[in-house]
Structures are given as C-alpha cells and as structure tokens.
Number of protein chains: 2
Amino acid sequence: MGQAAYVQIAGLLTSGHVAPGERLSLRDLAERLGTSTMPIRAAVGRLAEYGALEVSPNRAVRVPVMSAARFAELADLRQEMEGLAAERAAKAATADDIAVITRIEAEFASVATGASPDAARAVALNRDLHFAIYAAARMPLLEGAIERLWLLAGPVLNLDMRADPRRLANTPARRFHAAALAALRARDGAAARAAIAGDIAEAAAFILARRVLKEK
Amino acid sequence: MGQAAYVQIAGLLTSGHVAPGERLSLRDLAERLGTSTMPIRAAVGRLAEYGALEVSPNRAVRVPVMSAARFAELADLRQEMEGLAAERAAKAATADDIAVITRIEAEFASVATGASPDAARAVALNRDLHFAIYAAARMPLLEGAIERLWLLAGPVLNLDMRADPRRLANTPARRFHAAALAALRARDGAAARAAIAGDIAEAAAFILARRVLKEK
DNA sequence: TGCCGCCGACTGTGATCACAGTTCATAGTC
DNA sequence: GACTATGAACTGTGATCACAGTCGGCGGCA
C-alpha cells in the first residue's frame with residue numbers, strides 16, 4: 001500500500017534531501033513521484049505514525065525539528081535497543097552472518113579511509129553494517145523498531161554528515177565497528193552491546209557538541 | 001488523519017473483539033463505523049505499519065496470527081523495553097507520578113480480588129498501571145514503541161483472558177505490581193525492571209503453557 | 001460420488017472531485 | 001511608513017467511482 005511512495009519518501013528523509021522543519025505537500029510529492037496524492041497520503045500517514053513526519057489538519061506536512069532533548073532521548077534509546085540487538089546477535093549469529101558483516105565492515109573502512117571519501121556511500125554502508133548485525137539477532141520485531149528509530153534520526157544525521165565531511169576520514173566509528181565484529185566472533189554479548197552503544201554515544205555526543213539543535 | 005477510526009479499530013484489537021486470523025474488510029469496517037472507506041484505509045495502513053494488521057493487495061485485511069515463536073520474541077522484547085522504562089521511571093518519577101500509580105494499583109487490586117471480578121475493567125486498569133509507570137520515565141519515544149508492542153499482543157492477551165477468567169482472582173500480577181511500586185518509591189531501578197519483567201514473563205509463560213499458539 | 005473449472009462477488013488500490021481551514025501577500029487605512 | 005484587513009492560493013481530509021486481482025461456491029464432467 002503506497003509501498004513505492006513510502007520507500008521514496010523514506011529515502012528523502014534518510015538521505016538528507018529534506019531538512020528538519022522543511023514543509024512538504026502531498027500534491028507536490030505526488031507530482032514529484034509522478035502519481036496521484038493517494039499513495040502519498042498512505043505513505044505519509046505511515047511515516048507520521050511513529051513521528052518521522054508531522055501532519056496536522058489543513059496544514060502542510062512537516063519534517064519534525066529535532067530538539068536537543070528529543071535527540072538525547074533518541075540516542076539513549078538507540079543505545080539500549082541496538083545494544084540489545086547486538087548482544088543477542090553475538091549469541092545467535094551464524095558463520096554466514098559473520099561473513100557478511102565482515103565484508104561490509106571492510107568495505108566501510110575502505111570507503112571511509114580511501115582517497116576519495118564518498119560520504120553518501122559511507123552513510124549507506126554504515127547503515128548496512130548496523131542492520132546486518134541486528135538481522136543476525138533473529139528478532140524481527142526489534143529490527144523493525146530500530147528501523148523506525150533510524151528514520152527519526154535520519155534527517156539530522158545527514159545534516160551533520162554534510163556539514164563536516166572531514167570527520168569521515170578518521171571517524172571513531174571504525175574502532176567501534178571493529179570491536180563489535182570481534183565481539184560477535186567471540187560470542188561476547190556484553191562486548192558487542194558496549195561496542196554498538198559506544199558507536200552511537202560517540203556520534204551523538206559529536207552532534208550535540210556542535211550545538212546546532214534547538215534547546216527547546 | 002483517520003484518528004477516530006484508528007482509535008476505534010485499535011480498540012477492537014486490544015479489547016479482543018476481533019480474533020487472530022480473523023478477516024476484516026475496509027468496506028465492512030467503514031459501514032460499521034459509519035464513514036467512507038477513506039479514514040479506514042488510513043487507520044488500517046497505520047496499524048499495518050508495525051504489524052498490528054496484515055494487509056495484502058486485493059486480499060482481505062487480516063488480524064495477524066501469533067505463532068509461538070513470534071509471541072516469545074514479543075514477550076522477550078516487552079521485558080527488555082518495558083523493563084527499561086520502569087528502570088528509568090524509578091529514577092525520574094515525581095511524587096505526583098507515584099501518587100497516580102499508587103491509586104491505579106490499588107484500584108486494580110480491588111477489581112481483581114473483588115466480589116464481582118470485571119475482566120474487561122481489570123485489563124484496562126492493568127494497562128493504565130503499566131503506562132502510568134512508563135510515562136513517569138519521561139521518554140515519549142520509548143512509550144510510543146511500547147504502545148505499539150501492546151497493540152501487537154492485544155488480540156492474544158484478550159483471547160487468553162476470556163478463556164480463563166478464573167485466573168484474574170488470584171493473578172500473580174498483583175505481586176509484581178506491588179513490587180514495582182515499592183521499587184519506584186525506593187528509586188531502585190534494578191528492582192523496578194525486575195518486577196515489570198517478571199510480570200510480563202509470568203503472563204507470557206502462562207499463555208505459552210496453554211499451547212494454543214501455532215507452532216509455526 | 002468425487003474432482004475440477006468457471007463465474008460472480010468481494011478485495012485493496014489509485015485517481016479525482018469537493019470542502020473547510022490555514023497561510024501569506026497585497027491593498028487599504030490611519 | 002507601519003499596521004491591519006481581506007481574499008486568493010494552498011493545505012490535508014472525506015467521499016465516490018473505476019479497476020485489476022483474489023476467493024469461494026456452484027455446476028459439469030469423469
């Protein structure tokens with residue numbers, strides 16, 4: 001139901017093509033995607049369900065602005081939930097899972113430190129890496145909940161990545177990713193949780209330190 | 001957007017008026033609620049977003065059937081997330097929060113052990129009690145995620161409650177609720193988490209033991 | 001009697017129109 | 001020149017119709 005539109009609009013959010021606070025309109029989106037407003041309405045409604053978009057009657061759809069407090073809670077929740085997924089993944093991961101994760105981790109490291117750092121590609125690979133780990137936990141409900149959290153954080157994360165592309169080259173993420181992978185191999189749930197939580201906490205602290213988020 | 005329809009259909013799910021596996025139709029629902037199919041489409045789409053309903057093209061909307069494995073993961077996730085909320089609530093709860101929780105707990109105990117046990121009312125009070133605790137954590141994103149989990153469990157929980165109303169009178173829930181309340185008062189996060197997790201685990205074990213859930 | 005095929009009823013989905021409420025720029029007033 | 005009133009453009013929402021795909025029961029065939 002409006003599946004295609006949902007994917008496209010979600011892509012706009014996670015790729016940072018729309019900024020927090022930006023106003024959208026069903027008719028505009030429909031025209032841009034070459035359909036009627038119906039699939040757009042369905043997709044926007046689903047995205048609004050968990051706060052990825054804000055829609056109020058007779059007013060334009062808005063990409064939610066992220067307050068510092070909201071961002072802090074989001075980072076907090078992500079540490080808990082993604083940490084949990086990593087912990088469970090350490091116990092449930094198969095050899096195939098770990099092989100896939102290893103490959104993605106190597107690719108991310110290569111792109112991040114390479115001569116031509118491709119920010120968009122690095123962001124996508126970072127996402128793939130995280131979700132490859134979570135998929136190994138075999139907890140589809142948890143995975144879905146985490147996906148929704150990422151959609152909430154999407155616009156802000158990309159805003160940050162674009163603002164400071166230099167960070168990509170020597171991102172601390174690589175260290176955390178390596179630690180997570182090692183923990184998965186060792187089936188050390190606590191270490192896996194700590195690595196993922198550390199990754200999230202570090203990135204969140206970096207963004208909060210820039211003080212571009214509204215106080216209230 | 002279809003807010004009224006959403007509340008009504010969600011009510012059908014949580015109150016157990018529709019059973020897992022049951023087929024619904026947009027036109028039927030629209031007629032029942034006295035509107036066109038539009039608000040229904042919006043509400044059903046939102047509910048389907050996180051799995052509270054299943055909708056496939058040209059096929060009737062279905063209340064998802066809960067496999068034993070899915071139910072186990074749901075119970076697992078609920079223990080983690082609601083346990084987390086309780087833990088944070090123990091640290092963040094105000095005196096007013098605790099007063100409200102105390103009142104609801106007393107009311108639940110009264111209804112559950114009273115001469116005329118009202119199952120529907122007890123279910124509602126149980127829900128109110130849990131969410132009063134989670135609200136005290138001041139984590140709206142977490143609260144929303146938990147609400148969605150409850151909507152997933154709704155049909156099955158009510159099915160169980162109707163099947164065995166005797167359980168209500170001497171439900172172990174009262175013991176866990178009392179422990180949770182005491183933990184909140186003592187600002188003991190770990191104890192609050194344990195109490196809520198215990199409540200959920202006990203209820204889940206009871207339902208799983210009845211073996212009415214499909215294996216696969 | 002048992003099985004298969006077909007046709008009608010029913011399904012969600014997309015498009016389009018009408019409508020009430022908001023927003024914003026322009027013109028009028030002091 | 002600053003401020004307010006006003007109306008046109010734009011917003012999401014609901015209703016209705018058309019359509020392609022699915023499902024179930026009835027009839028025919030072996």
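Predicted, not measured: the structure shown is a model, and the values here were computed from it.
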Can you measure from CZ (R88(A)) to CD1 (I133(A)) and round to the nearest 0.5 angstrom? 16.0 Å
Counting distance only, does the side-chain N/O of E73(B) pair as donor-acceptor with the main-chain N or O of L142(A) below 3.5 Å? yes
Partners passing side-chain contact (heavy atoms from CB on, under 4.5 Å) against A197(A) (at least two apart in sequence or in another chain): Q79(A)
Salt bridge check, R121(B) against E107(B): does any charged N sit closer than 4.0 Å to a carboxylate O? yes
Categorize L24(B) for me: base, sugar-phosphate, or nothing, with a 4.0 angstrom heavy-atom threshold over every strand shown. sugar-phosphate
Mind checking side-chain contact (heavy atoms from CB on, under 4.5 Å) for R70(B) and listing every partner two or more places apart, or none if nothing turns up? L141(A), M66(B), S67(B), L152(B)
May I ask you to list the residues of residues 44-62 of chain B, by number, that have any heavy atom positioned under 4.0 Å from an atom of DNA chain D? N58(B), R59(B)
Approximate separation, where rounding is to 0.5 Å, of D199(B) CG and L129(B) CG: 8.5 Å
Against the six-membered ring of Y50(B), is R148(A) placed for a cation-pi contact (under 6.0 Å from the centre, within 45° of the normal)? no
Identify the 5'-most and 3'-most nucleotides of DNA chain C with at least one atom closer than 4.0 Å to a non-hydrogen atom of chain A. dT13(C) to dT23(C)
When rounded to the nearest 0.5 Å, the distance separating CZ of F131(B) from CD1 of I101(B) is 13.0 Å
Report, one line per pair, each donor and acceptor closer than 3.5 Å where one atom sits in a side chain of residues 24-32 of chain B; sequence neighbours left out.
unit_1: S25(B); atom_1: OG; unit_2: R27(B); atom_2: N; d: 3.3
unit_1: S25(B); atom_1: OG; unit_2: D28(B); atom_2: N; d: 3.0

Heavy atom of residues 25-37 of chain B under 4.0 Å from DNA chain C: which residues? S25(B), L26(B), R27(B)
Protein-nucleotides 7-9 of chain D N/O pairs under 3.5 Å:
none

Who pairs with P39(A) by side-chain contact (heavy atoms from CB on, under 4.5 Å), at least two apart in sequence or on another chain? A5(A), T35(A), S36(A)
Partners of F108(B) by ring-ring contact (aromatic ring centres under 6.0 Å, His included), sequence neighbours excluded? H177(B)
Listed pairs under 3.5 Å, donor-acceptor, residues 91-99 of chain A side chains, sequence neighbours left out:
unit_1: T94(A); atom_1: OG1; unit_2: D96(A); atom_2: N; d: 3.4
unit_1: T94(A); atom_1: OG1; unit_2: D97(A); atom_2: N; d: 3.1
unit_1: T94(A); atom_1: OG1; unit_2: D97(A); atom_2: OD2; d: 3.2
unit_1: D97(A); atom_1: OD1; unit_2: R138(A); atom_2: NH2; d: 2.9
unit_1: D97(A); atom_1: OD2; unit_2: T94(A); atom_2: N; d: 3.0
unit_1: D97(A); atom_1: OD2; unit_2: R138(A); atom_2: NH2; d: 2.8

Measuring from atom CG of D128(B) to atom NE2 of H130(B), what distance do you get when rounded to the nearest 0.5 angstrom? 10.5 Å
Return the set of residues passing ring-ring contact (aromatic ring centres under 6.0 Å, His included) with F176(A) (not counting sequence neighbours), or none when no residue passes. none
Under 4.0 Å, heavy atom to any atom of DNA chain C: which of residues 3-13 of chain B qualify? none
Atom CG in L125(B), atom CZ in R103(B): separation rounded to 0.5 Å? 9.5 Å
